[in-house]
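Just so it is clear, the structure is predicted and the values come from calculations on it, not from any experiment.
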There are 2 protein chains.
Amino acid sequence: MLTIGKLSDAAGVKVPTIRYYEEIGLLPEAERSAGNQRLYGQKAQERLTFIRHARELGFPLDAIRDLLSLSDRPDQSCAAADAIASAQLAAVEARIARLVALKAELERMLVQCAGGVIADCRVIEVLGDHAKCHADHAHAGHLIEVAG
Amino acid sequence: MLTIGKLSDAAGVKVPTIRYYEEIGLLPEAERSAGNQRLYGQKAQERLTFIRHARELGFPLDAIRDLLSLSDRPDQSCAAADAIASAQLAAVEARIARLVALKAELERMLVQCAGGVIADCRVIEVLGDHAKCHADHAHAGHLIEVAG
DNA sequence: CCTTGCACCTCTAGTTACTAGAGAGATTAC
DNA sequence: GTAATCTCTCTAGTAACTAGAGGTGCAAGG
């Protein structure tokens with residue numbers, strides 16, 4: 001039985017994050033020692049490692065919740081797991097496309113900036129008047145989702 | 001003078017978002033009508049448009065705050081604006097690199113999934129045991145920042 | 001046996017950039 | 001005049017944690 005700190009080291013997930021996962025029901029409530037400290041066995045460690053890997057692949061916690069409940073029923077078809085992973089792939093591809101467009105525009109802005117004075121700065125100018133950029137994504141309707 | 005709804009349409013930023021920008025000091029406090037409704041002039045519209053374009057390029061609000069204060073001093077060197085845009089470009093490039101790696105791994109997972117039963121599903125398997133993937137990014141230390 | 005010090009406990013609040021909703025007042029259109 | 005639409009403030013919620021306060025458990029050294 002591992003304490004939360006050992007589990008944290010073993011799975012590569014920070015201690016408060018583990019408690020958070022328990023709070024939102026991604027991990028079952030841990031057993032407790034006589035002194036009320038959490039204790040974890042092999043299963044919890046595997047589950048947590050699964051979660052970490054899925055997070056590294058960018059799956060949102062809700063998708064991970066679904067994947068976990070799928071993995072609890074090994075005799076079912078894996079079509080559902082496939083669908084979740086495909087959706088994630090599509091989301092990643094969409095984000096890449098978006099970011100590549102942003103990159104191009106940022107580069108254009110920077111190349112055009114003569115390094116002079118604010119009044120002549122293309123960076124500021126382009127931001128102030130989008131007509132001055134090539135914006136194929138102009139007036140997209142909603143703002144960016146490239147957070148991070 | 002525009003009411004908040006007209007400004008919203010003109011600048012392509014939602015009404016609650018405009019109020020939010022005022023609250024956090026990105027926009028100055030608006031003038032008010034006799035009935036306490038916000039009124040905006042040309043300057044506010046330009047400033048808001050600037051903010052929207054910068055957001056579309058993925059700049060975080062803090063960076064935008066800096067860019068706005070730069071644009072208020074048109075006689076200064078534009079090195080600072082350049083630096084902010086360069087940092088943004090670097091951030092975008094880093095995110096692209098990260099996402100491309102994720103995409104490759106997701107594709108590998110999906111290709112290997114025979115479409116059978118959970119017990120044999122590569123998706124679940126790879127997530128449960130990362131040794132089974134090619135992970136050059138394994139044990140990156142911190143979890144993903146690809147939110148969205 | 002006692003103390004030092006680290007690990008653990010709970011709880012609250014903060015992060016980013018908004019979005020949603022309640023309940024009430026202002027304006028505009030007919 | 002009244003109905004519809006806008007606007008107002010305020011609170012709370014989103015994703016996925018992170019940080020901090022204030023208090024307890026436990027193992028090892030002296």
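In this model, the phosphate group of D:dC17 is not approached by any side-chain N or O of A:Lys14 to a distance below 4.0 Å at OP1 or OP2. Under 4.0 angstrom from either OP1 or OP2 of D:dC17 there lies at least one side-chain N or O belonging to A:Tyr21. For B:Arg52 and C:dC18, the shortest distance from a side-chain N or O to OP1 or OP2 is not below 4.0 Å. Taking 4.0 angstrom as the limit, A:Ser33 places none of its side-chain polar atoms (N or O) nearer than this to OP1 or OP2 of C:dC9. Distances shorter than 4.0 Å separate some side-chain N or O of A:Thr17 from OP1 or OP2 on D:dT18. For D:dC6, neither phosphate oxygen OP1 nor OP2 lies less than 4.0 angstrom from any side-chain nitrogen or oxygen of B:Thr3.
In this structure, B:Ser77 contributes its side chain and A:Val117 its backbone to no donor-acceptor pair below 3.5 Å. Here the side chain of B:Arg47 pairs a donor or acceptor atom with the backbone of B:Leu26 at under 3.5 angstrom.
Of the listed nucleotides (C:dA26, D:dT18, D:dC26), D:dT18 has the atom at the smallest distance from the side chain of A:Pro16. Here the side chain of B:Pro60 is nearest to one of C:dA17, D:dT7, C:dC9, namely C:dA17. Relative to the side chain of B:Arg55, the nucleotides D:dT9, C:dA17, D:dC17 differ in distance, and C:dA17 lies closest. When distances run from any side-chain atom of B:Tyr20 to the nucleotides D:dA16, C:dC18, C:dC8, the shortest one goes to C:dC18.
Between the CD1 atom of B:Ile18 and the C1' atom of D:dT9 there is a distance of 16 Å, rounded to whole Å. Distance, B:Ile24 CD1 to C:dA17 P: 8 Å, rounded to whole Å. Rounded to whole angstrom, the span from the CD atom of A:Glu22 across to the P atom of C:dC8 amounts to 14 Å. As rounded to whole Å, 15 Å separates atom C1' of C:dT27 from atom CD1 of B:Ile4. Per the geometry, CZ belonging to B:Arg19 stands 7 Å off C1' belonging to D:dC8, to the nearest Å. Following rounding to the nearest Å, B:Phe59 (CZ) and C:dT16 (C1') show an atom-to-atom distance of 17 Å. Atom CG of A:Leu61 is separated from atom P of D:dG13 by 19 Å (rounded to the nearest Å). The nearest whole Å value for the distance from the CG atom in A:Asn36 to the P atom in C:dA7 is 19 Å.
Nearest-nucleotide positions on DNA chain D for B:Gly5 and B:Glu23 put B:Gly5 closer to the 5' end.
Scanning both residues, B:Glu107 and A:Glu93, for their nearest heavy atoms gives OE2-OE2, 3.6 Å. The two residues B:Gln45 and B:Ala10 make their nearest non-hydrogen contact at NE2-CB, 3.6 Å.
Within the nucleic acid shown, A:Arg38 comes within 4.0 Å of sugar-phosphate atoms alone, with no base atom in reach, counting heavy atoms only.
Between B:Glu23 and B:Arg19 there is no salt bridge, since no side-chain nitrogen of the basic residue lies less than 4.0 Å from a carboxylate oxygen of the acidic one.
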